Peer 1: 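Before I ask anything, let me first share the structure, which is written out below as structure tokens.
As the structure is a computational prediction, the values presented were derived from the model and not from experiment.
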Amino acid sequence: MEIVVSLLLGIAIGSVFTYYFLQKIQQKEIVREYETQIQILKEKHQQALKEAKNRSLDGSRAVIKGKIAEQLAPVLPNFKYLPSDARFIGDPVDYIIFNGYTDVKDNGGNENNLEVVILDVKTGQADLSQLQQAIAKAINTGRVRFEVVRHETFKQVATQKKYSIKDIQKTHPRAYERWTKTEDERLRQRYKQGVTINNLAREFQRKPGGIRSRLKKLGLLQ
């Protein structure tokens with residue numbers, strides 16, 4: 001009987017140890033599998049970063065090459081205008097060409113041969129941007145003009161505006177003055193009480209348009 005008990009006990013202990021060792025082996029295999037997967041993911045991530053960096057560098061090189069080409073265009077052999085006639089502006093287009101300007105200025109050329117050309121430099125298969133296409137359309141349809149703005153005009157406009165504000169403040173003393181927090185709060189209350197815009201204008205000594213603008217700023221009027 002003791003032999004049987006000892007045998008059973010030995011089998012039980014052996015089973016426990018066997019299960020324990022199998023579990024350890026299985027855990028090691030799982031850990032090894034996860035480590036392998038992690039290493040694969042790391043390598044993929046590093047490769048993706050490398051490819052993204054290369055794409056970024058290629059894009060940067062393309063942009064730099066484009067910028068250089070834009071700047072050097074007038075001195076390149078296939079540029080059909082005189083470099084002295086070209087004015088670089090960069091955005092929204094690269095150049096304004098005053099074709100014939102140098103000839104008129106230095107050689108007394110015929111002014112009737114002078115022309116203005118809007119020019120943009122492109123590399124590869126690049127197309128005009130949407131805004132550049134809109135500019136080209138405006139030019140091609142004749143929506144172009146020459147204007148002269150004189151410094152005296154700004155002074156005159158500023159003076160007229162100064163006098164007009166003074167005139168307005170004769171009837172609306174608080175017109176164009178800064179709103180205070182107290183005025184804002186009172187305006188909210190009075191507007192919510194149903195007071196009309198014109199009555200608010202008289203009460204706050206401001207123009208009706210100023211009252212509407214403030215109510216919009218306060219989110220009380222659409």
Side-chain angles (χ1 to χ4, degrees), residues 45-169 175-178 207 209-210 212-214 216-217 219 221-222:
H45 180 63
Q46 291 174 354
Q47 182 63 26
L49 287 177
K50 184 178 180 180
E51 292 175 356
K53 184 178 180 180
N54 290 337
R55 286 196 299 270
S56 178
L57 288 174
D58 290 340
S60 298
R61 291 191 189 101
V63 171
I64 292 171
K65 287 179 181 178
K67 294 298 181 184
I68 293 173
E70 290 171 2
Q71 295 283 350
L72 296 180
V75 296
L76 295 177
N78 59 347
F79 193 78
K80 63 180 182 179
Y81 304 102
L82 285 176
S84 57
D85 288 347
R87 299 294 182 272
F88 180 78
I89 59 175
D91 185 64
V93 293
D94 293 327
Y95 288 92
I96 298 179
I97 311 294
F98 299 96
N99 190 29
Y101 170 77
T102 302
D103 184 49
V104 173
K105 179 172 69 74
D106 296 341
N107 304 321
N110 189 349
E111 295 180 359
N112 293 326
N113 293 331
L114 184 67
E115 66 173 347
V116 179
V117 180
I118 307 299
L119 184 145
D120 198 74
V121 179
K122 296 295 183 187
T123 57
Q125 301 298 319
D127 296 323
L128 292 176
S129 68
Q130 185 175 354
L131 288 176
Q132 289 174 336
Q133 292 177 21
I135 292 171
K137 183 177 180 180
I139 294 170
N140 293 331
T141 55
R143 287 181 279 126
V144 184
R145 64 179 179 272
F146 188 94
E147 289 188 355
V148 177
V149 178
R150 301 188 185 279
H151 178 63
E152 294 79 5
T153 304
F154 294 112
K155 286 185 176 180
Q156 184 179 2
V157 170
T159 303
Q160 289 175 349
K161 186 175 181 180
K162 183 177 179 181
Y163 286 131
S164 65
I165 291 176
K166 286 185 176 180
D167 291 339
I168 291 170
Q169 287 181 336
Y176 301 105
E177 296 289 337
R178 183 184 297 274
K207 295 177 64 178
R212 291 190 187 91
S213 296
R214 198 63 186 177
K216 289 180 181 179
K217 187 174 182 63
L221 191 66
Q222 298 295 324

Peer 1: Who passes salt bridge (Lys or Arg N to Asp or Glu O under 4.0 Å) against Arg145, sequence neighbours left out?
Peer 2: Glu147

Peer 1: Looking at Glu111 and Val104, would you say the former's side chain and the latter's main chain have a donor-acceptor pair under 3.5 Å?
Peer 2: no

Peer 1: Side chains of Tyr101 and Arg87, heavy atoms from C-beta outward: is any pair under 4.5 Å?
Peer 2: yes

Peer 1: Which atom pair, heavy atoms only, marks the closest approach of Asn99 to Leu114?
Peer 2: O-CD1, 3.2 Å

Peer 1: Going from OG on Ser84 to CG on Asp103, what distance comes out if it is rounded to the nearest 0.5 angstrom?
Peer 2: 10.0 Å

Peer 1: Nearest 0.5 Å, please: how far is CG in Asp127 from CG in Asp120?
Peer 2: 11.5 Å

Peer 1: For the atom pair NZ (Lys166) and CD (Gln169), what is the distance rounded to the nearest 0.5 Å?
Peer 2: 9.5 Å

Peer 1: Rounded at 0.5 Å granularity, tell me how far CD1 in Ile97 sits from CG in Asp85.
Peer 2: 7.5 Å

Peer 1: Mind listing the closest non-hydrogen atom pair of Tyr81 and Val117 along with its distance?
Peer 2: OH-CG1, 3.8 Å

Peer 1: Which pair of non-hydrogen atoms, one from Ile168 and one from Ala175, has the smallest distance, and what is that distance?
Peer 2: CG2-CB, 3.8 Å

Peer 1: CD1 of Ile118 to CD1 of Ile96: how many Å apart, nearest 0.5 Å?
Peer 2: 4.5 Å

Peer 1: Start with the C-alpha gap between Ile89 and Tyr95, add the side-chain angles, then the distance that decides, and say whether side chain to side chain contact (heavy atoms under 4.5 Å, CB included) holds.
Peer 2: CA-CA 6 Å; Ile89 59 175; Tyr95 288 92; over 6 Å; no

Peer 1: Donor-acceptor pair, Asn107 side chain versus Gly109 backbone, under 3.5 Å?
Peer 2: no

Peer 1: Quick one, Leu131 and Pro92 - any side-chain contact, counting heavy atoms below 4.5 Å?
Peer 2: no

Peer 1: Is Lys122 close to Leu128 at the side-chain level, that is, under 4.5 Å between some pair of heavy atoms?
Peer 2: yes

